[in-house]
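For reference, the structure discussed in these notes is given below.
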Amino acid sequence: MAIRFHNTLTRRVEEFVPGRPGEVRMYHCGPTVYSTPHIGNYRTFLLGDLLRRFLEWKGLRVLQVMNLTDVGHLLDDAEEGEDKLEAAAKKAKKTAWEIAEHYTQEFFEGLDYLGFKRAHHYPKATTHVAEMIAMIEVLEQKGLAYKVPSGNVYFEIAKFPAYGRLSGNTAEELEAGARIEVNPEKRDPRDFALWKIDAHHQMQWDSPWGRGFPGWHIECSAMSKKYLGESFDLHTGGEDNVFPHHECEIAQSEGASGKPFVRHWMHARHLLVDATKMSKRLGNVHTAQSLRAKGYSGEALRVALQKAHYREPLNFTLAGLDEAEKKVARYRDVAERLASAAAPGAATGTAAAAPSSAMATLLSDLRGRFEAALDDDLNVSVAFAVLDEAVGEANRRAPQGADAAAHLALLRELWSVFGLVEKSLESAALADAQVQALIDEREAARKRRDFKRADEIRVLLKERGIELLDGKDGVRFKRSSDRPGGDAKS
RNA sequence: GGGGGCAUCGCCAAGUGGUAAGGCAACGGAUUGCAAAUCCGUUAUCCCCGGUUCAAAUCCGGGUGCCCCCUCCA
C-alpha cells in the first residue's frame, strides 16, 4: 500500500515517493549540545526513529543522518550576543568544546535508554566547517551572498524568490511584524548570516572572509549535501524549525545547487508537560536521565512520547508514563506467555511449524490493519489499537505450539516498529538455578499448605527483584531488574 | 500586531458528512490459598451559539479557552 505523509511544503498529506526506488535518504535536525536534551527533544527525534523503523519494515533501504550542532550560535541576533554554548561553558567554567562533548555524551545516553536505532551518520558542525565555507563561496559566486565591512557574510533574500514557501511567511507579513531587529549591515532585515566575525567567540576558524564562525543555518545545508546529496527524500525537525531554520536551509541549498533540496518535510509538534510549556521555572522539565532515575523504563517513555500523532499536541504527565509502563508490562507478559506456550526453542518467536489457517488469517488481518494505519501519515493511535487487539487475541485464545510461535512472531514484528519489547525476552528466558531451587521449595511448601513458608520465599525473591507469578500451568517469575532502567516501584 | 494549530467519556486518544475505535482508571463478574496476570460485562453525542444538509464530532460563521511560529528553541 502506498505510504502517505504530511508534507509541510504543501501542507497536505500526500503520497511519499522516494527519489530512488526502494531507497530513502533522510535527515533529522539533531540537538544543540549545550544542555541535557529534554523529553520534548526526544519526541521530535523519535519521529525520525519511527520513520526509520517503519520504512525499513516496509522493505525500503534507509540512509539516516542526524546532525549535532556543536558550534554555538548567538543567543540573540545582536552582534555582541553571547552564544549558548559559551554561556553554558562560562557557567560550568569549562571550554565550549568540553561542554559540547559532555552534552553529546548525554544525548547518546538518552538514545540508548530509549532504544533508538543509531543513525548512519551523526555529523558534527565543528568538523564540517570546510564544507560550509565551500558552500558559502558558491553562494557568493552566484551572487546570492554578500560581505559587509565588518567581515560578516549574509544571504540575500531578495535573490531567492521562493523564500517563504515552506513557512508561508511572505515578505509583506515578515515586514509587517515589528519583531525583526533592524541591523544596518543588512540590505534586508530578513537576510541571515552565513559567516560571522566576532573576536570574543571561542570557536574560530579561518575563512576567505577572515577568522570567524559559521551562521546557524549553513551547517545543515552543507552536511546534508555531503551525506545525502543535493536532493533527498525526507527532512524532519521540530515545528519551531520551519521558520527560520528550514526556510533558510532551502534558500542556501537550492541557491547553491540549483536543484530541489528536499522532497518531503515533516515537522513534529512540540510536547507539553502537565498541559503547559516546559520551563525550568515551572520545574516541569524532564530528561531521559531524570526519568530513568525515577525508575521508569525507556520503553515506557517511548510509548508515552509516541502515543499521539506527531502533528498533534501531546501532553506528557507522569500519570501517563505510569500508564505506558503498564502497557509495556502487558506486552512483556504476553510475550512470555506465548514463548512458553510455543515449543521449546521458539522463544525468539521463529515458527518451526506452520500455524493453523485460522491463526494465519487472524495474523494477516492484524498485520494489514497495522500497516494501513502507519501508511496513513503514521497514525500511531490506530496502530497501537491494532497492536493491543493483537495482544488481547493472544490472551483470549491462548494459542499453543506453532500458533503461539506465529502469534509471538507477529507481535515482535509489530513491536519492533515502535521499538518495544526488543531485548527483555532473552534475559527473561535465562532461568537461574538458584531461583528455580527456591521456587521448587516454595511449591513443595504450597503442596503441604505451608503458606507461611511459601510467602516467605515470595518476599525473599521479591527483595532480590524477582516476582513470582502463580498460574495454572506452574510458576513463572520475572525480574524487575531486567527492565531497562530498572523499576524502582516494584 | 501578523500567521498557524487544537478543543471528543474521569485521564490519554482515533474518527473529518451517514449515525462515536482503542488504552488507562472505575464498577460488576469469572479465575485465585494470598498476590499478580488473564478473561467477560458496564460507562460519552463530541467546548458554546447560530447556519448549511435528508443526515455534522466531521462543512460554514461567530464566540470562549489553550498551544505553536514570527526571536535562541525539538
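Per chain, numbering begins at 1; letters A, B, ... match sequence-line order. Below, all heavy atoms of this structure are taken into account, side chains as well, without hydrogens, waters or symmetry copies.
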> For residues A/Asn379 and A/Ser381, is any side-chain donor paired with an opposing acceptor at under 3.5 Å?
Replying inline: no
> For B/rU52, which nucleotide is its Watson-Crick or G-U wobble mate, given both distances must be under 3.5 Å?
Replying inline: none
> Using a cut-off of 4.0 Å on non-hydrogen atoms, how would the nucleic acid contact of A/His267 be classed: base, sugar-phosphate, or nothing?
Replying inline: nothing
> Who is the Watson-Crick or G-U wobble partner of B/rA30, with both distances under 3.5 Å?
Replying inline: B/rU38
>> Looking at every heavy atom in both A/Gln289 and A/Gly110, which two are closest together, and how far apart are they?
In response: NE2-N, 4.4 Å
> Is the number of heavy atoms from other residues, nucleotides or ligands within 6.0 Å of CD (A/Glu443) greater than 12?
Replying inline: yes
>> Ignoring hydrogens, what is the shortest heavy-atom contact between A/Gln306 and A/Phe418? Give both atom names and the distance.
In response: OE1-O, 3.6 Å
>> My understanding is that a pair needs two contacts under 3.5 Å, Watson-Crick or G-U wobble. By that rule, which nucleotide pairs with B/rA7?
In response: B/rU64
>> Please encode protein proximity along nucleotides 18-25 of chain B as a string of B, S and -, counting only heavy-atom distances under 4.0 Å.
In response: ---BSBSS
>> I'd like to know if A/Arg369 pairs up with A/Glu389 as an ion pair, taking the criterion as any Lys NZ or Arg NE/NH1/NH2 lying under 4.0 Å from an Asp or Glu carboxylate oxygen.
In response: yes
> Out of B/rC6, B/rG15, B/rC12, which has the shortest distance to the side chain of A/Asn315?
Replying inline: B/rC12
> Would the number of heavy atoms belonging to other residues, nucleotides or ligands and lying under 6.0 Å from CZ of A/Arg165 be above 12?
Replying inline: no
> How would you label the contact of A/Met278 with the nucleic acid (heavy atoms, under 4.0 Å): base, sugar-phosphate, or nothing?
Replying inline: base
> Heavy atoms under 4.0 Å, any strand shown: does A/Leu271 hit a base, just sugar-phosphate, or nothing?
Replying inline: base
>> Quick test of the criterion, 5.5 Å between centres and less than 30° between planes. Is A/His270 stacked on B/rA74 or not?
In response: yes
> Taking only N and O in the side chain of A/Asn395, is any of them less than 4.0 Å away from OP1 or OP2 of B/rC39?
Replying inline: yes
>> Any N or O donor-acceptor pair under 3.5 Å from the base of B/rA37 to the side chain of A/Arg337?
In response: no
> Which nucleotide, B/rC34, B/rC12, B/rA37, lies nearest any side-chain atom of A/Lys307?
Replying inline: B/rC12
> Closest to the A/Arg442 side chain: B/rA74, B/rA35, B/rG33?
Replying inline: B/rG33
> Please give, in whole Å, the distance from B/rC68 C1' to A/Tyr310 OH?
Replying inline: 16 Å
> A/Arg332 CZ to B/rA36 P: how many Å, rounded?
Replying inline: 19 Å
> Of the nucleotides B/rG33, B/rG4, B/rC69, which has the atom closest to the A/Arg269 side chain?
Replying inline: B/rG4
> What is the distance from CZ of A/Phe316 to P of B/rC67, rounded to the nearest Å?
Replying inline: 19 Å
>> Counting only side-chain heavy atoms from C-beta out, which of B/rC67, B/rA14, B/rG33 sits nearest to A/Leu272?
In response: B/rC67
> So what does A/Gly320 hit on the nucleic acid, given a heavy-atom distance under 4.0 Å: a base, only sugar-phosphate, or nothing?
Replying inline: nothing
>> Among B/rC68, B/rA74, B/rC34, which nucleotide has an atom closest to any side-chain atom of A/Glu239?
In response: B/rC68
> Rounded to whole angstrom units, what separation is found between the NE2 atom of A/His6 and the P atom of B/rG4?
Replying inline: 13 Å
> Across all strands, who's sitting opposite B/rA44 as a Watson-Crick or G-U wobble pair, both distances under 3.5 Å?
Replying inline: none
> Mapping A/Asp240 and A/Ser167 onto RNA chain B by nearest heavy atom, which one lands closer to the 5' end?
Replying inline: A/Ser167
> B/rU19 pairs with which nucleotide, Watson-Crick or G-U wobble, both distances below 3.5 Å?
Replying inline: none
> Can you tell me how far C1' of B/rA74 sits from CZ of A/Arg43, to the nearest Å?
Replying inline: 10 Å
> How about A/His38 and A/Phe316: are their ring centroids closer than 6.0 Å?
Replying inline: no
> Distance check: side-chain N/O of A/Thr32 vs OP1/OP2 of B/rC72, anything under 4.0 Å?
Replying inline: no
> When you measure from the side chain of A/Phe243, which nucleotide among B/rC70, B/rA74, B/rA37 comes out closest?
Replying inline: B/rC70
> Which pairs with one or both residues in residues 30-50 of chain A pass salt bridge (Lys or Arg N to Asp or Glu O under 4.0 Å), sequence neighbours excluded?
Replying inline: A/Asp49-A/Arg53, A/Asp49-A/Arg302
>> Under the rule for salt bridge (Lys or Arg N to Asp or Glu O under 4.0 Å), what residues qualify as partners of A/Arg118, not counting sequence neighbours?
In response: A/Asp112
> Between B/rG15, B/rA74, B/rA37, which nucleotide gets closest to the side-chain atoms of A/Asn379?
Replying inline: B/rG15
